[in-house]
Amino acid sequence: MENIEELKQNLVAEIMAAADVKQLEDIRIAVLGKKGRITEMMKNLGSLSVEEKKEMGKGLNILKSEVENALNVQKDRLAEQELNARLSNEKIDVTLPGRPEVQGRIHPVSQIYEEVVAIFGQMGFEVAEGPDIEDQFHNFNALNMPANHPARQMQDTFYIPNPESSDFDDSFVVRTHTSPVQIRTMEKKQPPIRIIAPGRTYRSDYDATHTPMFHQVEGLVIDKTTTMANLKGCLYDFVKAFFELDEIPVRYRPSYFPFTEPSAEMDIGCLKTKTELKIGAGNDWLEILGCGMVHPNVLRAGGIDPDEYQGFAFGVGIDRLAMLKYGIPDLRTFFESDVRWLKHYGFNPLDMASMTGGLSNNGGAAR
Ligand code: PHE
């Protein structure tokens with residue numbers, strides 16, 4: 001028995017001194033493997049007398065379980081040590097400045113998106129969303145454009161067949177504007193409503209200022225006493241904040257949209273020369289958005305009583321805003337995924353647009 005005790009002490013000491021998982025496994029095989037030391041001793045039990053066998057067998061069983069126990073304890077210890085070593089090896093200091101040479105750039109459309117959300121967010125607007133693939137009800141009918149309405153021709157629509165119906169009126173569209181989000185919002189909540197809905201829009205058009213996919217931000221405010229004066233004040237504050245100017249001349253021209261009445265287009269003052277476009281000064285005007293008071297039929301289609309509520313809506317092209325603010329001449333280049341273009345016009349990902357920290361203070365490399 002004595003040598004079993006001695007053997008145990010030696011083995012446990014050896015196990016506890018193992019420096020890594022591999023060494024520990026070698027010890028396990030040498031002791032408990034098919035030809036291991038304890039295994040061999042157990043095999044030899046057969047040659048002993050019944051009395052000796054009993055005593056030796058019991059001793060070996062205890063030895064085996066204690067050795068197994070020590071192996072497990074040491075295994076856990078080594079695993080923890082290895083994990084700690086890895087953690088301290090792979091430690092990163094998140095307070096270190098970024099490395100510009102390996103940094104990606106924020107696309108101007110994403111940048112403008114963030115700027116617009118920051119400005120309207122501070123005015124108390126919530127961000128709403130709707131699907132890119134719309135039914136004709138939300139994209140047209142509910143916006144006071146029933147089938148065969150001539151205004152449907154104002155937009156070159158991409159239609160998508162409906163697999164469940166061959167009736168053209170049942171076909172889907174990729175939304176031609178963000179205005180269907182007005183209806184989806186009214187369906188979900190009662191006034192007061194104050195939302196903006198930025199997102200992708202689609203029309204069959206392609207030249208220097210049009211791409212088949214582009215971006216808009218819709219705005220919608222509905223309450224009991226909302227007026228055109230509120231619309232003008234809100235949009236004036238928006239363009240001043242957006243172009244980062246203290247003053248900016250604006251004018252509203254009467255216009256037509258089926259879903260607003262009255263309707264207007266907003267222009268901002270600018271100076272156009274052969275080589276330059278300067279916003280906020282000069283005798284020229286630049287159209288930047290469409291707007292108006294929500295048509296009673298639209299409120300009705302959204303489940304809101306036009307005798308009780310009224311409101312305004314507007315729609316701005318995000319890509320167009322980016323072209324104007326950052327002097328990018330051709331819209332098609334936005335979506336060509338040319339990394340040199342993105343390096344030139346893109347934004348530092350660590351500079352978040354905010355009303356307190358500055359919208360675009362470290363703006364596009366172009367400026
Ligand atoms: N949906 C219009 C367009 O795409 C813009 C608009 C939105 C006009 C809301 C008025 C009110 O041209």
Side-chain angles (χ1 to χ4, degrees), residues 112 116 120 125 127-132 134 136-146 149-158 173-186 193-205 209-222 226-236 238-239 250-268 286-302 304 306 309-321 323-324 331:
I112 298 286
V116 170
F120 284 107
F125 283 72
V127 174
E129 284 183 321
D132 285 21
E134 265 297 4
Q136 293 189 44
F137 174 77
H138 289 92
N139 196 79
F140 292 129
N141 303 55
L143 290 164
N144 203 26
M145 278 184 272
H149 191 287
R152 288 204 186 192
Q153 260 67 76
M154 281 165 68
Q155 304 171 345
D156 299 300
T157 310
F158 290 115
V173 300
V174 269
R175 64 181 179 189
T176 55
H177 50 181
T178 42
S179 300
V181 186
Q182 289 189 32
I183 305 298
R184 291 195 175 271
T185 303
M186 293 183 215
I193 288 173
R194 202 186 291 173
I195 58 113
I196 53 166
R200 290 188 175 152
T201 47
Y202 307 82
R203 286 178 208 175
S204 179
D205 217 345
T209 53
H210 297 89
T211 48
M213 188 282 298
F214 59 108
H215 301 81
Q216 288 190 337
V217 197
E218 193 79 7
L220 177 69
V221 174
I222 300 176
T226 308
T227 67
M228 193 96 185
N230 299 138
L231 161 73
K232 290 173 73 178
C234 173
L235 291 178
Y236 182 55
F238 166 67
V239 290
V250 299
R251 73 174 184 191
Y252 293 84
R253 274 178 298 103
S255 183
Y256 173 75
F257 300 103
F259 31 90
T260 45
E261 182 60 39
S263 303
E265 273 165 325
M266 182 191 193
D267 295 343
I268 52 172
L286 205 64
E287 177 203 323
I288 68 154
L289 58 84
C291 58
M293 298 303 291
V294 181
H295 196 290
N297 287 349
V298 174
L299 291 171
R300 233 172 259 128
I304 290 174
Y309 292 105
Q310 57 189 39
F312 66 78
F314 57 86
V316 199
I318 296 187
D319 322 76
R320 189 173 156 73
L321 287 181
M323 292 173 78
L324 291 176
L331 184 57

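Every number for a ligand or one of its atoms is a count from 1 in the order of the listing. Side chains are part of it too, since the values below use all heavy atoms of this structure and drop only hydrogens, waters and symmetry mates.
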Under a 4.0 Å heavy-atom cut-off, what residues line ligand 1?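 Residues His177, Ser179, Gln182, Arg203, Gln216, Glu218, Phe257, Phe259, Thr260, Gly290, Cys291, Ala313, Phe314, Gly315 each place a heavy atom under 4.0 Å from ligand 1, listed by chain and number.
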Phe214 backbone acceptor or donor facing Thr201 side chain under 3.5 Å: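 Answer holds: yes.
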Assign the ring pair Phe120 / Phe238 to parallel, tilted or perpendicular, where the plane angle (0 to 90°) is split at 30° and 60°.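 Because their plane-to-plane angle is under 30°, the rings of Phe120 and Phe238 count as parallel.
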Excluding sequence neighbours, so at least two apart, what forms side chain to side chain contact (heavy atoms under 4.5 Å, CB included) with Gln310?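 Gln310 satisfies side chain to side chain contact (heavy atoms under 4.5 Å, CB included) with Thr227 once adjacent residues are dropped.
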When you look at Val298 and Met186, which way does the side chain to side chain contact (heavy atoms under 4.5 Å, CB included) test go after all the steps? CA-CA 10 Å; Val298 174; Met186 293 183 215; 3.9 Å; yes
Is it true that Glu287 and Arg320 make a salt bridge, defined as a side-chain N closer than 4.0 Å to a carboxylate O?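 Result for this pair is no, no salt bridge flagged.
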Would you say that more than 12 heavy atoms from the other residues, nucleotides or ligands in this model lie under 6.0 Å from the CZ of Arg253, or not?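 Count over threshold, so yes.
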